[in-house]
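Structure first, then comments.
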Amino acid sequence: MQDMDFENLDCLREECGVFGVYDFDRNPVAPTVYYGLMALQHRGQESCGIAVTDTQGPKGRVRVHKGMGLVHEVFTPETLDGLGYGDIGVGHVRYSTAGSSTRENAQPLVLNYIKGTLALAHNGNLVNAPQLRRELEHDGAIFQTTIDSEVIAYHIARARVKSRSVEEAVGKAMEKLSGAYSLVIMSPRKLIGARDPFGFRPLCIGKRGNAYILSSETCALDTVGAEFVRDVLPGEIVTITKDGIQSDTSHCLSPERQARCVFEYIYFARPDTNIDGVSVYHARLAAGRFLAQDHPVEADLVVGVPESGNAAAQGYAQESGIPYGTAFVKNSYVGRTFIKPKQKSRESSVQVKLNVLKEAVDGKRIVMVDDSIVRGTTCGRIVNMLRRAGAREVHVRISAPPFLHPCYFGTDIPSEDQLIAHGRTVDEIRKEIGADSLGYLELCRLPQMAGGRPICTACFSGDYPIDPPAEDIRGEYTR
């Protein structure tokens, strides 16, 4: 039995997930939102929530239930029944940074303002949230949370006072927002989706019968039996009413200026998701093939670190001709460890997360494929686990380039001095983690892996599509 006793856990924090439904047949949407959030659970495991409204009921009446924990922990048949017969609903799963893991910061946010009520779910991070917050506070706004999602909601509400419609107010707010955001917004009679002009975060449209759906990932559409219609374009605002879908593309950038987060393809999204026409599974297979081409090695077995390393490991095996196998048994009842807000909680979760299958690795030369190395702690521990299980050699292959720079758009990559690759050569990192060899995905391979889509590579290259903020907002303002 191999155990894991990690200190200073080496990990990335997840994104959030958003989901919305408008059922024109006026069927209750809360159960559909619930199952959609279940499919998006990998994007956030600290809190979740659902808000619904009835288009034929009292205007502005919103029922909401949210709490700390997994979707199936927060929602019961009774709480879903308590949400009533709302035919429009929005849902959210969230992770947060330490210090902001509270029920008050759970989403969707429900905001009552002079012209009505809106409920908002947000995935992403603004780089100018502090400035926007100070501007609103100067005008008398009183904030209830520390999340930049509330900043967005207030700016929409303020713009709504001088706008003909909610969607027009969303457009005016977007002119002030800088950073990453995919939004699902519910007003008393409309469901609205919006995506930042760079397209950092995914958002798509689905249809099931006479119901339209907005979702962070296509896998959630599959879960609720909906057909994929299309992706929301970067910069687009889509408005769903009883009359159908309307589109506003006036905020869209030219394709060459777009900058999708490449880590959606490498790690964040489920492998059965398609983002902007690119299969996440095929992207990870391609990353593995590129690793085999650029960093070949003689070995007996290729294995992936579950779960996001598995597809890349398959690609490496296919390209290299080395057999693909299973070396790790994952405890399916342990959530993604880095979602936990406290370091001690993360460590105790990791200890029961993985076990090495000794019979598969004993006496063999192993190629171990993982998605990233952040601080190096976790990777070093896993290499050591394989050696203790009898592996003769351990060759580490990483399906991303080295992390060299922090991210300000929603991925909590630590400051540069905490990144193992900062100031070290690849061989120095290899020695640090105890591997026989180490190979990273080459930076030039990323556009190929992402199907030629324009991507953000700032955490690897330092080339930020938006100027980093003058003040470090990471950890203070979160989703």
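Given the structure is predicted, the values throughout are model-derived calculations rather than measurements.
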To the nearest 0.5 Å, how far apart are [atom1] in [X] and [atom2] in [Y]?
X    : Y    : atom1 : atom2 : answer
S178 : N125 : OG    : CG    : 11.5 Å
I373 : E432 : CD1   : CD    : 10.5 Å
L233 : D248 : CG    : CG    : 11.0 Å
D54  : I88  : CG    : CD1   : 9.0 Å
S163 : I156 : OG    : CD1   : 10.5 Å
T145 : E150 : OG1   : CD    : 3.5 Å

Stepwise, does the side chain to side chain contact (heavy atoms under 4.5 Å, CB included) test hold for V238 with L214? CA-CA 10 Å; V238 294; L214 295 170; 4.0 Å; yes
After noting the C-alpha distance and the side-chain angles of I152 and L120, does the key distance pass the side chain to side chain contact (heavy atoms under 4.5 Å, CB included) rule? CA-CA 9 Å; I152 298 173; L120 177 144; 3.9 Å; yes
Over 60° means perpendicular and under 30° means parallel, so tell me whether F263 and F403 are parallel, tilted or perpendicular.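 It falls in the tilted class, 30° to 60°.
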Is the ring pair Y408/Y464 parallel, tilted or perpendicular, if the boundaries are 30 and 60 degrees?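 Plane angle between 30° and 60°, so tilted.
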Measure centre to centre between the rings of Y154 and Y113, then say whether the value is under 6.0 Å.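 Y154 vs Y113: aromatic centres not under 6.0 Å.
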Check: H65 ring centre within less than 6.0 Å of F75 ring centre: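 Centroid distance H65-F75: below 6.0 Å, so yes.
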I'd like to know if the side chain of [X] pairs up with that of [Y] as donor and acceptor (distance under 3.5 Å, no hydrogens or angles considered).
X    : Y    : result
T241 : Q246 : no
Q107 : H122 : no
S308 : D371 : yes
Y267 : E307 : no
N105 : T146 : yes

Contact check, side chains of [X] and [Y], non-hydrogen atoms, under 4.5 Å:
X    : Y    : value
F228 : D231 : yes
M186 : L118 : no
V74  : M68  : no
F409 : P465 : yes
L441 : F290 : yes
N123 : Y181 : no
S279 : N274 : yes
V280 : F268 : no

Tell me whether [X] is salt-bridged to [Y], with the criterion being a basic N under 4.0 Å from an acidic carboxylate O.
X    : Y    : result
R270 : E217 : no
E168 : R160 : no
R195 : D276 : yes
D139 : R158 : yes

Would a distance-only check, ignoring hydrogens and angles, find a side-chain to backbone donor-acceptor pair under 3.5 Å from [X] to [Y]?
X    : Y    : value
T457 : F460 : no
T249 : C252 : no
Q41  : M38  : no
K176 : L132 : no
D148 : V151 : no
H295 : Y440 : yes
R189 : T55  : yes
T239 : I192 : no
R133 : Q131 : no
E264 : C261 : no

What are the two closest heavy atoms between [X] and [Y], and how far apart are they?
X    : Y    : answer
G439 : L291 : O-CD2, 3.9 Å
S182 : V18  : O-CG1, 4.3 Å
T32  : V224 : O-CG1, 3.7 Å
L80  : A30  : CD2-O, 4.0 Å
S215 : L221 : CB-CD2, 4.0 Å
C16  : S216 : O-OG, 4.3 Å

Looking at K59, I want to see if its NZ is surrounded by more than 12 non-hydrogen atoms of other residues, nucleotides or ligands under 6.0 Å.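 Counting neighbours around NZ of K59, 12 or fewer heavy atoms of other residues, nucleotides or ligands fall under 6.0 Å, so no.
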Walk me through whether E236 and R230 qualify under salt bridge (Lys or Arg N to Asp or Glu O under 4.0 Å). CA-CA 12 Å; E236 183 182 16; R230 65 176 178 86; 2.8 Å; yes
Could you walk me through whether T218 and I275 pass the side chain to side chain contact (heavy atoms under 4.5 Å, CB included) test, one step at a time? CA-CA 8 Å; T218 61; I275 299 175; over 6 Å; no
Might you work through the side chain to side chain contact (heavy atoms under 4.5 Å, CB included) test for E137 and E135, ending with a clear yes or no? CA-CA 6 Å; E137 288 174 338; E135 175 186 328; over 6 Å; no
Determine the sole option in V184, V90, L40 for which the side-chain contact (heavy atoms from CB on, under 4.5 Å) test with F19 is passed.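 By the side-chain contact (heavy atoms from CB on, under 4.5 Å) criterion, F19 pairs with just one of V184, V90, L40: L40.
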Run the numbers on E227 and R208 for salt bridge (Lys or Arg N to Asp or Glu O under 4.0 Å), then give the verdict. CA-CA 6 Å; E227 296 181 0; R208 185 185 67 186; over 6 Å; no
Any residue meeting side-chain contact (heavy atoms from CB on, under 4.5 Å) with A313, in chain and number order, not counting sequence neighbours: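 side-chain contact (heavy atoms from CB on, under 4.5 Å) check on A313 returns V302, Y324, V369.
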Decide yes or no on salt bridge (Lys or Arg N to Asp or Glu O under 4.0 Å) for R445 and D294, but give the supporting numbers first. CA-CA 10 Å; R445 293 292 199 176; D294 298 338; 3.0 Å; yes
Does R260 qualify as a cation-pi partner of F198, given the criterion of NZ or CZ under 6.0 Å from the six-membered ring centre and within 45 degrees of its axis?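 No, a cation-pi geometry is absent between R260 and F198.
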